[in-house]
Amino acid sequence: MNTKRIVEAILFAANRPMTIKQIQETFPELEQPDTLSVQMALDEIARDYADRPIGLRQLASGYRFQVREGLSPYVTRLFEEKPARYSRALLETLAIIAYRQPVTRGEIEDIRGVSVSSSIIQTLLEREWIRVIAHKEVPGRPALFGTTKQFLDYFNLTTLSELPTLEEIVNFDFGNSPQPQPEQDHSERPQTAEIEQPVSPAGQTGPETAVSETEFDAQTEAGLGAENLTLH
């Protein structure tokens with residue numbers, strides 16, 4: 001039995017990221033390799049594909065083959081469905097949840113200075129990028145939102161610690177050419193006052209990092225990364 005060849009075939013045929021445990025369970029019970037053997041096979045496969053247009057990537061949900069980032073624009077031409085375009089308001093809301101979680105809808109509104117459309121929250125829930133992780137013990141018990149493994153997978157991340165810091169986002173050079181901004185969701189209405197909340201990638205408040213509209217404009221353009229194409 002060649003564990004490496006079997007693992008490679010499993011990952012190539014899978015339609016989702018696979019964890020080591022899931023890979024093990026794909027083998028017949030009496031032939032299941034141990035964890036170390038699977039990990040060694042994965043490491044060897046990653047080295048084999050290091051210089052190829054397809055690579056093995058570890059994400060939050062497991063391992064998967066995907067097209068190298070620079071080749072994605074060419075491969076996407078094979079598919080009729082165009083990538084979804086998201087409004088600035090949705091991306092700002094998602095960024096606040098990613099950096100400030102767990103966070104309530106009211107806290108998101110305080111940071112952004114406008115009311116959050118129910119359609120934005122619903123879209124993020126349907127995409128499975130966020131989920132309700134608890135309810136805050138205050139009157140009304142509002143839902144506390146946090147990101148999911150699907151969010152990490154989509155943006156090609158393994159953990160939240162791989163998100164850029166707010167300082168990196170502010171200092172990022174986006175070039176001199178103006179970028180068109182999607183229109184703001186018409187169902188959002190301005191608050192009477194805009195409140196600036198300091199946050200950090202770890203979700204802790206602190207005086208040295210403050211979230212502002214400028215920072216989230218940058219975060220929107222950065223897009224938190226781009227989803228690479230996966231091979232099924």
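Residues: numbered from 1 along the sequence shown. None of these values were measured; they are calculated from a predicted model.
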CZ (R57) and CD (E69) are apart, to the nearest 0.5 Å, by 9.0 Å

On a heavy-atom basis, the closest approach of T3 and A41 is CG2-CB, 4.3 Å

Check: Hey, does V116 have a side-chain heavy atom less than 4.5 Å from the side chain of I121?
Finding: yes

*asked:* Taking L125 as the starting point, is it possible to reach V103 by hopping between hydrophobic residues whose side chains are less than 4.5 Å apart?
replied: yes

L56 and R64: CA distance, side-chain angles, deciding distance, side-chain contact (heavy atoms from CB on, under 4.5 Å) verdict
CA-CA 6 Å; L56 181 63; R64 75 179 178 193; 5.8 Å; no

Of L157, L163, T159, the one forming a side chain to side chain contact (heavy atoms under 4.5 Å, CB included) with S161 is T159

Closest heavy-atom pair, P53 versus L71, reported as atoms and distance to 0.1 Å, is CB-CD1, 3.3 Å

So CG of L94 and CZ of R127: to nearest 0.5 Å the spacing works out to 10.5 Å

Quick note, ring-ring contact (aromatic ring centres under 6.0 Å, His included) partners involving residues 36-59, not counting sequence neighbours, are Y49-F65

- Message: I'd like to check E109 versus V114 (side-chain heavy atoms, cut-off strictly below 4.5 Å). Are they in contact?
- Response: no

Check: Do side-chain atoms of Q22 reach the backbone of T19 as a donor and acceptor pair under 3.5 angstrom?
Finding: yes

Q: Start with the C-alpha gap between I10 and F27, add the side-chain angles, then the distance that decides, and say whether side-chain contact (heavy atoms from CB on, under 4.5 Å) holds.
A: CA-CA 10 Å; I10 290 170; F27 285 77; 4.0 Å; yes

Smallest heavy-atom separation, E25 atom then Q32 atom, equals CA-NE2, 3.7 Å

Residues N156 and E162: closest non-hydrogen pair is O-OE1, 4.3 Å

Rounded to the nearest 0.5 angstrom, the CD1-OH distance for I111 and Y99 is 13.0 Å

**Prompt:** Is a side-chain N or O of R68 found less than 3.5 angstrom from the main chain of R52, in a donor-acceptor match?
**Reply:** yes

For residues 108-133, the ring-ring contact (aromatic ring centres under 6.0 Å, His included) pairs (sequence neighbours left out) are Y86-W129, W129-Y154, W129-F155

When every non-hydrogen atom of T147 is compared with those of A98, the smallest separation belongs to CG2-CA, 3.8 Å

Close side-chain approach of T26 and M18, heavy atoms under 4.5 Å = yes

All heavy atoms of A60 vs all of T158, minimum pair found to be CB-O, 3.4 Å

Taken to the nearest 0.5 Å, the spacing of I6 CD1 from L11 CG works out to 12.0 Å

Practice item. Before accepting this row, confirm whether a basic side-chain N of the pair E128/K149 lies closer than 4.0 Å to the acidic partner's carboxylate O. Key: no

Can you confirm whether R5 is buried at CZ, in the sense that more than 12 heavy atoms of other residues, nucleotides or ligands lie under 6.0 Å from that atom? no

Separation between CD (Q101) and CZ (F145), nearest 0.5 Å, reads 12.0 Å

Would you say that Q66 contacts I54 through its side chain, given a criterion of any heavy-atom pair below 4.5 Å between the two side chains? no

- prompt: Is there side-chain contact between I130 and T93, with at least one heavy-atom pair below 4.5 Å?
  reply: no

dist Q58:CD -> Y63:OH (nearest 0.5 Å) comes out at 3.5 Å

Worksheet entry | Side-chain donor-acceptor pair present, R105, S118, cut-off under 3.5 Å | yes

Without swapping roles, check the side chain of S37 against the backbone of P33 for a donor-acceptor pair under 3.5 Å.
no

Q. If only atom types and distance count, is the side chain of E107 paired as donor or acceptor with the main-chain N or O of T104 below 3.5 Å?
A. yes

### Task
Taking D153 for its side chain and L59 for its backbone only, find out whether a donor-acceptor pair lies under 3.5 Å.
no

With side chains defined as the heavy atoms from C-beta onward, is the minimum distance between I23 and L42 less than 4.5 Å? yes

Item checked: Ionic contact status for D48 with K4, cut-off 4.0 Å -> yes

